[in-house]
Undergrad: 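Here's a structure for you.
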Amino acid sequence: QVHLVESGGGLVQTGDSLGLTCAVSGLTVSRASVAWFRQAPGKEREFVAGIFRSGGNTYYKDSVKGRFTISRDGLKNMLYLQMNSLLPEDTAVYSCAASTTLILSSLGSPRAYAYWGQGTQVTVFS
């Protein structure tokens with residue numbers, strides 16, 4: 001059985017940094033495609049960052065490039081999202097997701113992921 005559990009959310013000021021962690025069990029993160037998504041109130045869930053299973057290349061939403069960094073630790077079976085220079089528009093519930101079968105063109109599509117964490121709230125105030 002696959003489980004993903006996020007931690008690290010919180011309330012921060014504009015310009016602050018925050019690190020999110022996703023503990024994964026039941027599958028090997030280094031052999032899966034993994035990603036972070038976020039959903040703000042009244043908005044659709046959107047892709048933030050992802051790592052494709054083959055090659056380990058990383059991909060980012062344009063608005064977070066240069067500020068956010070996604071990484072994974074195969075030994076600890078963990079997924080991370082380091083968020084720097086946070087802005088109020090980054091406020092959302094952040095969720096980690098994993099898939100062992102998606103193709104690269106679907107990396108940014110929530111429907112391509114079979115496994116999800118419960119989400120953690122990130123609130124950035126000005």
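Scope of the values below: all heavy atoms of this structure, side chains included, with no hydrogens, waters or symmetry mates. Just so it is clear, the model here is predicted, and its values are computed rather than measured.
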Undergrad: Determine, using the 4.5 Å side-chain heavy-atom cutoff (strictly less than), whether Tyr115 and Val93 are members of one ILVMFWY cluster.
TA: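 No, it is not one cluster - the side chains of Tyr115 and Val93 are not joined through contacts under 4.5 Å.
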
Undergrad: Output the distance between atom OH (Tyr94) and atom CD (Gln121), rounded to the nearest 0.5 Å.
TA: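 One gets 9.5 Å once the value is rounded to the nearest 0.5 Å.
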
Undergrad: Starting from Phe125 and following side-chain heavy-atom contacts under 4.5 Å between hydrophobic residues (I, L, V, M, F, W, Y), which residues can be reached?
TA: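 Answer for Phe125: Leu11.
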
Undergrad: Any side-chain donor-acceptor pair under 3.5 Å between Glu89 and Thr91?
TA: no

Undergrad: Tell me whether Gln13 contacts the main-chain N or O of Val124 through its side chain, where contact means a donor paired with an acceptor under 3.5 Å.
TA: no

Undergrad: Restricting to salt bridge (charged side-chain N to carboxylate O under 4.0 Å, His left out), what partner residues turn up for Lys61, sequence neighbours left out?
TA: Glu46

Undergrad: Could you tell me which non-hydrogen atom of Asn84 sits nearest to which non-hydrogen atom of Ser17, and how far apart they are?
TA: OD1-OG, 2.9 Å

Undergrad: Treating Gln1 as the side-chain partner and Gly26 as the backbone partner, does any N or O pair qualify as donor plus acceptor under 3.5 Å?
TA: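 Such a contact is absent between Gln1 side chain and Gly26 backbone.
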
Undergrad: Please step through side chain to side chain contact (heavy atoms under 4.5 Å, CB included) for the pair Asp90 and Arg67, ending with a clear verdict.
TA: CA-CA 11 Å; Asp90 295 319; Arg67 300 189 298 123; 2.8 Å; yes

Undergrad: Locate the shortest heavy-atom distance separating Ala98 from Val34; write the atom from each residue and the value.
TA: CB-CG1, 4.0 Å

Undergrad: Once rounded to the nearest 0.5 Å, what's the spacing between atom CZ of Arg45 and atom CZ of Arg111?
TA: 12.5 Å

Undergrad: What distance separates Arg72 CZ from Ser33 OG, expressed to the nearest 0.5 Å?
TA: 7.5 Å

Undergrad: Taking the side chain as every heavy atom from C-beta outward, state whether Leu86 and Phe68 have any atom pair closer than 4.5 Å.
TA: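 The answer is yes; the side chains approach within 4.5 Å.
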
Undergrad: Atom CZ of Arg53 and atom OG of Ser30: how far apart are they, to the nearest 0.5 Å?
TA: 12.5 Å

Undergrad: Scan Asp73, Leu20, Thr69, Ile70 and name whichever one has a side-chain contact (heavy atoms from CB on, under 4.5 Å) with Tyr80.
TA: Asp73

Undergrad: Can you tell me how far the CD atom of Gln118 sits from the OG atom of Ser95, to the nearest 0.5 Å?
TA: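 If I round to the nearest 0.5 Å, the distance is 7.5 Å.
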
Undergrad: Taking it one step at a time, do Asp16 and Thr14 satisfy side chain to side chain contact (heavy atoms under 4.5 Å, CB included)?
TA: CA-CA 6 Å; Asp16 283 353; Thr14 298; over 6 Å; no

Undergrad: Shortest non-hydrogen contact from Ala32 to Leu27?
TA: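 That closest heavy-atom pairing would be CB-CD1, 3.9 Å.
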
Undergrad: OG of Ser25 to NE2 of His3: how many Å apart, nearest 0.5 Å?
TA: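 Between Ser25 OG and His3 NE2, I get 5.5 Å after rounding to 0.5 Å.
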
Undergrad: Would a 4.5 Å heavy-atom cut-off, applied to side chains only, mark Thr21 and Met78 as touching?
TA: yes

Undergrad: Given side chains that start at C-beta, do those of Trp36 and Glu6 come closer than 4.5 Å, heavy atoms only?
TA: yes

Undergrad: Return the minimal non-hydrogen interatomic distance between Arg38 and Ala92, and the atom names on each side.
TA: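 Closest approach of Arg38 to Ala92: CB-CB, 3.7 Å.
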
Undergrad: For Phe52, what are the other residues in its hydrophobic cluster, where any two members join if their side-chain heavy atoms are less than 4.5 angstrom apart?
TA: Phe37, Phe47, Tyr59, Leu102, Leu104, Leu107, Tyr113, Trp116

Undergrad: Quick check against the 3.5 Å criterion: does Asn77 have a side-chain atom that pairs as donor or acceptor with the backbone of Val29?
TA: yes

Undergrad: Could you tell me which non-hydrogen atom of Ala112 sits nearest to which non-hydrogen atom of Ser106, and how far apart they are?
TA: CB-O, 3.5 Å

Undergrad: What heavy-atom pair brings Ala35 and Leu79 nearest, and what distance separates the two atoms?
TA: O-CD2, 3.8 Å

